[in-house]
Number of protein chains: 2
Amino acid sequence: METFTIKDIARELNISTSTVSRALRGSYEINPETKRLVMECAERLNYRPNPIALSLKGSGTRAIGVIVPQIANYFFSQAINGIEAIAYNRGYHVIIFQSHESYEREVANVEQAMSRRVDGLLLSLSSETSDVTYLRELHDKGVPIVLFDRVSSELEVTKVVADNFKGAFAATEHLIQSGRRRIAHLTIQPWLSITQERLAGYRAALEKYGLTYDENLVRYGTFGPNEVGPMVDELMALPVAPDAFFTASDRLAVGCLTALRQRNLTIPDDVSLIGFTNLNVAELLSPSLSTVVQPAQEIGQVAAERLIDLIERKHRAQPVGTVRIATELIARDSTRLPEHIMARLATASPEDQKSKPRDFVLSI
Amino acid sequence: METFTIKDIARELNISTSTVSRALRGSYEINPETKRLVMECAERLNYRPNPIALSLKGSGTRAIGVIVPQIANYFFSQAINGIEAIAYNRGYHVIIFQSHESYEREVANVEQAMSRRVDGLLLSLSSETSDVTYLRELHDKGVPIVLFDRVSSELEVTKVVADNFKGAFAATEHLIQSGRRRIAHLTIQPWLSITQERLAGYRAALEKYGLTYDENLVRYGTFGPNEVGPMVDELMALPVAPDAFFTASDRLAVGCLTALRQRNLTIPDDVSLIGFTNLNVAELLSPSLSTVVQPAQEIGQVAAERLIDLIERKHRAQPVGTVRIATELIARDSTRLPEHIMARLATASPEDQKSKPRDFVLSI
DNA sequence: TTGTACGCGTTATCAG
DNA sequence: CTGATAACGCGTACAA
């Protein structure tokens, strides 16, 4: 089980390393007999070329770097699953990095990935990232890059995303069709592409039904543990309060529900709610909460396909477009949460909420 | 933003590469002035040593290979999160592999990881794996290996696991204290360490309360989509039917609930249930299902710490022990699932169950 | 058809 | 204190 090199084979057969090298990679200009001998010997010694030496020679590492904000987030872990599956099939390895939603760390990660000479980069931007010049430089230098989910409009690279516009449109339309007229939208950082696309879908649906867009009904933020409550208070204190909420993530959906319940606002008598979510579990978690489900795994697969195509120059003139993977609206009849869940949400102390991480309902 | 080498610095300063190398790594025998110049130049050129060249020299790759059955499983993604955090802090990279519960693929992954010359291996065995000689050989050759969660008793390496014994003991005890006397145990592959430990905890609790262990009440298996039902039928058809179920995973817990509901068995009047789970979400999913929660992230952290210590020979005579991270029993008053969830579980057609993957409730 | 020599980026060894 | 040289494993011009 030692680790043999091309040199060992050469010595064994009393030939030169170059002959071995050529035989191994099936060069034409080689004696069939020698070739056979080399192959046999390589087999016997269980020879494996040293990928590091290959990398040093500049023949690529057959590894791709994947940078995501968080791994322990169902959306991203599903996406990584898809990525790894494709990469494996095509003979690539996946090196994982987490930016932890930090711009600085994202840059550091990219640098690390490059210094490891990955053949390409697959990344989903941190929510802190607004300046993408460091990526543009890399891209201009010819490094294959594909963005997924959290993409930037300022980068002309291949992007793979959920169809956020259609998803948001469907969600909003569903609320309108169920009789709502003042639909609030709680969403995340405004500079994120996904935020913008969802907002556009929301507006388009309003427009379609002749409802006016009211910017007072839209709130952006990171919404830490106890920030959703005040936001809901503000909204409910408006001259004409909202009668529905469309939230941009699982976390926001739960936060919103908690807040509404704590304020004794019944659902759906007063308000209706839709969450934009990754989790199938949401289906069981809150069977009366309508959700827009994102095709995380497929996004990962498609992104990986594109990146590897790019690396292997399958399509020299590959169009630098944005691939949109369809989302699915799961509409429920009622938007009322079951009592026991509402009770739990309401009684959980702030302490509790801190000590029991809710990352599983974090998304986007 | 080019990529400069030690050679560039040497040329720039009209000195030799060796001097540069030495200056960079702060060798004593070097002119402070030269050193300063080199440092300054390196800084200016944004010099970064090429890790690949370093690897080729045999100084290690500062990368660790992580092999898990599935990434898109909340337990493992949390564990990987912990691993990555520690690795990052200590200057290591994480290369991820999925075995997809296949022995063959696991072996292939290990081989790939080794050929990439990772400095160490962190792995959680596939459920198919029973023969670990390939790992023993590696370990005997001095490759640092740490197993976590899914470990093998036939390997004398450092292991990091949840305290399955205590967890199972607490779960069983809770059921006994709530008046149950015939506690069935649905669990996974018998050769897995976690299975054995949980079974031991289960037996110990029975013993403590003077209940006899009945092997007819214990069922092992992989429990595919529609296999739990028949199993429950068998159990309920016993001369003395069980009055409680203790399941070894989220998936089993859900399957068991579905089966019970479909058979119109009420809970807790007839039976009581505890799931051994990773998911905090289980708390919300089924607020009256008691659960034993596993400290996934901490397991990952500790495992990574140990592995890196091993790699860096921090503790030359590091005891090759098993670290057990505490589990937590979250006991509920009632073991009855809310109606709406029971209804959903019961009405979901087999088609439905297939098309909507339940990986989020897969564990262990 | 096969062998020799060189280079990829770095460090260790040995001379100076 | 500093420089030249070899070596890590491999591929490939160039030479034979």
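Throughout, protein chains are lettered first and strands after them, A, B, ... in sequence-line order, and every chain is numbered starting at 1.
Side-chain polar atoms of B:S16 and B:T19 form a donor-acceptor pair below 3.5 angstrom. Between the side chains of B:T61 and B:D119, at least one donor N or O lies within less than 3.5 Å of an accepting N or O.
At a threshold of 4.0 angstrom between heavy atoms, the contacts of B:L54 are confined to the sugar-phosphate backbone, with no base atom among them. In this structure, B:R25 reaches the sugar-phosphate backbone alone: every heavy-atom distance under 4.0 Å involves primed, P, OP1 or OP2 atoms, never a base. Among the atoms of the strands shown, none is found under 4.0 Å from any heavy atom of B:S55.
Atom-to-atom, CG of B:L56 to P of D:dA7 comes out at 14 Å; the value is rounded to the nearest Å. Going from atom CD1 of B:I52 over to atom P of D:dA7 covers 23 Å, rounded to whole Å. Following rounding to the nearest Å, A:L24 (CG) and D:dC10 (C1') show an atom-to-atom distance of 11 Å. If you measure from atom NZ of A:K57 to atom P of D:dG9, you get 14 Å, rounded to the nearest angstrom.
A heavy atom closer than 4.0 Å to some atom of DNA chain C occurs in B:T5, B:I6, B:K7, these being the qualifying members of residues 5-17 of chain B.
Checking side-chain atoms of B:N89 against main-chain N and O of B:I86 turns up no donor-acceptor pair under 3.5 Å. Of the possible donor and acceptor atoms, one in the side chain of A:W191 sits under 3.5 Å from a partner among the backbone N and O of A:S127.
Mapping heavy-atom proximity under 4.0 Å, the span of DNA chain C touched by chain A runs 5' to 3' from C:dT1 to C:dG9.
At least one test fails for B:R306 against the ring of B:F148: distance under 6.0 Å to the centre or angle within 45° of the axis.
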- Message: The test is side chain to side chain contact (heavy atoms under 4.5 Å, CB included); show your working for B:I83 and B:Q301 and say whether it passes.
- Response: CA-CA 5 Å; B:I83 292 168; B:Q301 289 175 341; over 6 Å; no
- Message: Working note: B:V94 + B:L122, criterion side chain to side chain contact (heavy atoms under 4.5 Å, CB included); need CA distance, chi angles, decisive distance, verdict.
- Response: CA-CA 10 Å; B:V94 173; B:L122 219 41; over 6 Å; no
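The existence of a salt bridge linking B:D309 and B:R90 is confirmed by a sub-4.0 Å separation between a basic side-chain nitrogen and an acidic carboxylate oxygen.
Between A:S21 and D:dG11 there is a side-chain polar atom (N or O) within less than 4.0 angstrom of OP1 or OP2.
Side-chain rings of A:H93 and B:F97 approach one another, their centers coming within less than 6.0 Å.
Taken over five-pair windows at either terminus, the axes of the helix from C:dT1-D:dA16 to C:dG16-D:dC1 are inclined to one another by 60° (rounded to 10 degrees).
For the pair A:K35 and A:A53, nearest-nucleotide mapping onto DNA chain C gives the more 5' position to A:K35. Between A:R22 and B:V20, the residue whose closest nucleotide on DNA chain D is further toward the 5' end is B:V20.
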